[in-house]
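Heavy atoms only: backbone and side chains are in, while hydrogens, waters and symmetry mates are out. This is a predicted model, so every value here is computed, not measured.
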Amino acid sequence: KYKLDEYIKKLMVLFLRAFLPVSLFADSLSPPVNVTIKEVKANSAVVSWDIPEGDPVIGFAITQQKKDVRMLRLIQEVNTTTRSCALWDLEEETDYIVHVQSVSMSGTSPLSEPLRFRTPKEAETQASKNEVTMEEVGQATQLRAGELIIIVVVLIMWAGVIALFCRQYDIIKDNEPNNNKDKAKNSSECSTPEHPRGGLLRSKV
């Protein structure tokens, strides 16, 4: 297995030298670190990495290979600061080996440590999507339940305020007739003249 990895690594270097000038290989440039794979699906995946601090990197080169197959795919991009790349046209239930190289003005770095991963079945990918969808539906249901509770509490508070207002209005309305009677009584007492001897005054003809 060790000899096979060394053979694959040498084969990748020869493949890169066939597409890039020999002067572009810079031994002083460090290879990418923390190479990881994420978002693995039946036909695609995303590889990401970190660059050692201080390296004047202007791009990257990725070699993609099926396990136990000598054919390679080269992905190269320059004038970019991105630290991830999408791998496409993968086959489901297949093992892959990925290497990443940094590209600078003076050349390319050595190959990173090999990263191995396996693509799942298409059915497994759909199942994981369904699980995520169900989780999102559950979260949305919880949010809606919370919103309904808040709406109900606000409506109850408004109903209490309206009931209190109606009660105060009825009390004020019930007190209005008594106030009117008192006002009428006071006005009649003030308008009727008082005569100390009694009777009405008559004029002589």
Side-chain angles (χ1 to χ4, degrees), residues 1-136 138-140 143:
K1 185 177 179 181
Y2 177 75
K3 291 183 178 180
L4 180 61
D5 290 342
E6 287 295 323
Y7 175 77
I8 292 173
K9 201 167 184 179
K10 290 180 180 179
L11 185 63
M12 287 181 179
V13 172
L14 293 175
F15 178 78
L16 290 173
R17 288 181 183 274
F19 287 90
L20 298 174
V22 177
S23 59
L24 290 180
F25 287 85
D27 295 333
S28 60
L29 195 62
S30 301
V33 296
N34 300 328
V35 181
T36 56
I37 196 75
K38 56 185 180 180
E39 300 179 19
V40 180
K41 301 177 183 178
N43 305 113
S44 64
V46 176
V47 60
S48 61
W49 61 90
D50 294 326
I51 299 299
E53 187 176 356
D55 285 352
V57 176
I58 62 169
F60 63 86
I62 295 175
T63 54
Q64 169 191 321
Q65 177 192 22
K66 291 182 183 180
K67 187 179 179 181
D68 301 329
V69 177
R70 296 183 180 181
M71 184 179 296
L72 300 175
R73 172 188 286 178
L74 175 64
I75 303 172
Q76 186 173 359
E77 187 173 347
V78 294
N79 297 327
T80 179
T81 58
T82 184
R83 298 293 180 264
S84 64
C85 179
L87 308 177
W88 63 93
D89 290 340
L90 305 180
E91 297 179 6
E92 60 180 343
E93 290 191 292
T94 304
D95 294 314
Y96 287 91
I97 302 173
V98 173
H99 292 83
V100 184
Q101 287 180 289
S102 296
V103 178
S104 68
M105 295 296 293
S106 59
T108 58
S109 71
L111 295 171
S112 66
E113 292 296 324
L115 174 65
R116 295 174 175 83
F117 68 95
R118 182 178 178 83
T119 54
K121 286 184 179 180
E122 183 68 26
E124 294 176 359
T125 304
Q126 293 295 332
S128 62
K129 287 182 180 179
N130 294 333
E131 290 177 0
V132 172
T133 304
M134 292 300 295
E135 290 179 359
E136 292 177 351
Q139 293 176 358
L143 290 175

Legend entry - Residue list, side-chain contact (heavy atoms from CB on, under 4.5 Å) with E39, at least two apart or on another chain: V46

Inset, instruction - Give, for atom CD of Q76 and atom CD1 of I62, the distance between the pair rounded to the nearest 0.5 Å. - result: 10.5 Å

Inset, instruction - Can you tell me which residue pairs pass the salt bridge (Lys or Arg N to Asp or Glu O under 4.0 Å) test with a partner in residues 48-58, sequence neighbours excluded? - result: none

Inset, instruction - Using side-chain contact (heavy atoms from CB on, under 4.5 Å) as the criterion, list what pairs up with I37, not counting sequence neighbours. - result: V40, A45, V47, L87, L115, F117

Legend entry - Contacts of type side-chain contact (heavy atoms from CB on, under 4.5 Å), residue T80, not counting sequence neighbours: F60, E77, T82

Legend entry - Non-hydrogen side-chain atoms of P56 and M105 separated by less than 4.5 Å: no

Inset, instruction - Can you see which heavy atom on Q64 is nearest to which on Y96, and at what distance? - result: NE2-CE2, 3.8 Å

Legend entry - For D95, side chain to side chain donor-acceptor pair (under 3.5 Å) partners two or more places apart: R118

Legend entry - Minimum heavy-atom distance between V103 and A61, given as atom pair plus value: CG2-N, 4.1 Å

Legend entry - Flag, side chain of T119 to backbone of E93, donor-acceptor distance under 3.5 Å: yes

Inset, instruction - Work out which heavy atom in P114 is nearest to a heavy atom in H99; give both atom names and the distance. - result: CB-NE2, 3.4 Å

Inset, instruction - Please name the pair of heavy atoms, one in L29 and one in S102, separated by the smallest distance, quoted to 0.1 Å. - result: CD2-O, 3.5 Å

Inset, instruction - Identify, with sequence neighbours excluded, every residue that meets side-chain contact (heavy atoms from CB on, under 4.5 Å) alongside N43. - result: E122

Inset, instruction - Can you see which heavy atom on S112 is nearest to which on P32, and at what distance? - result: CB-O, 3.6 Å

Inset, instruction - Only counting residues at least two apart or in another chain, list the ones meeting side chain to side chain donor-acceptor pair (under 3.5 Å) with T94. - result: none

Inset, instruction - For the residue pair R83 and S48, establish whether any side-chain heavy-atom pair is separated by less than 4.5 Å. - result: no

Inset, instruction - Could you tell me whether the side chain of Q65 and the main chain of L72 form a donor-acceptor pair under 3.5 Å? - result: no

Legend entry - Results of side chain to side chain donor-acceptor pair (under 3.5 Å) for E91 - residues two or more places apart only: K66

Inset, instruction - Measure the CH2-CG distance between W49 and N34 for me, rounded to the nearest 0.5 Å. - result: 12.5 Å

Legend entry - CD1 on I51 to OG on S104, rounded to 0.5 Å: 10.5 Å

Inset, instruction - Locate the shortest heavy-atom distance separating P52 from S30; write the atom from each residue and the value. - result: CG-CB, 3.7 Å

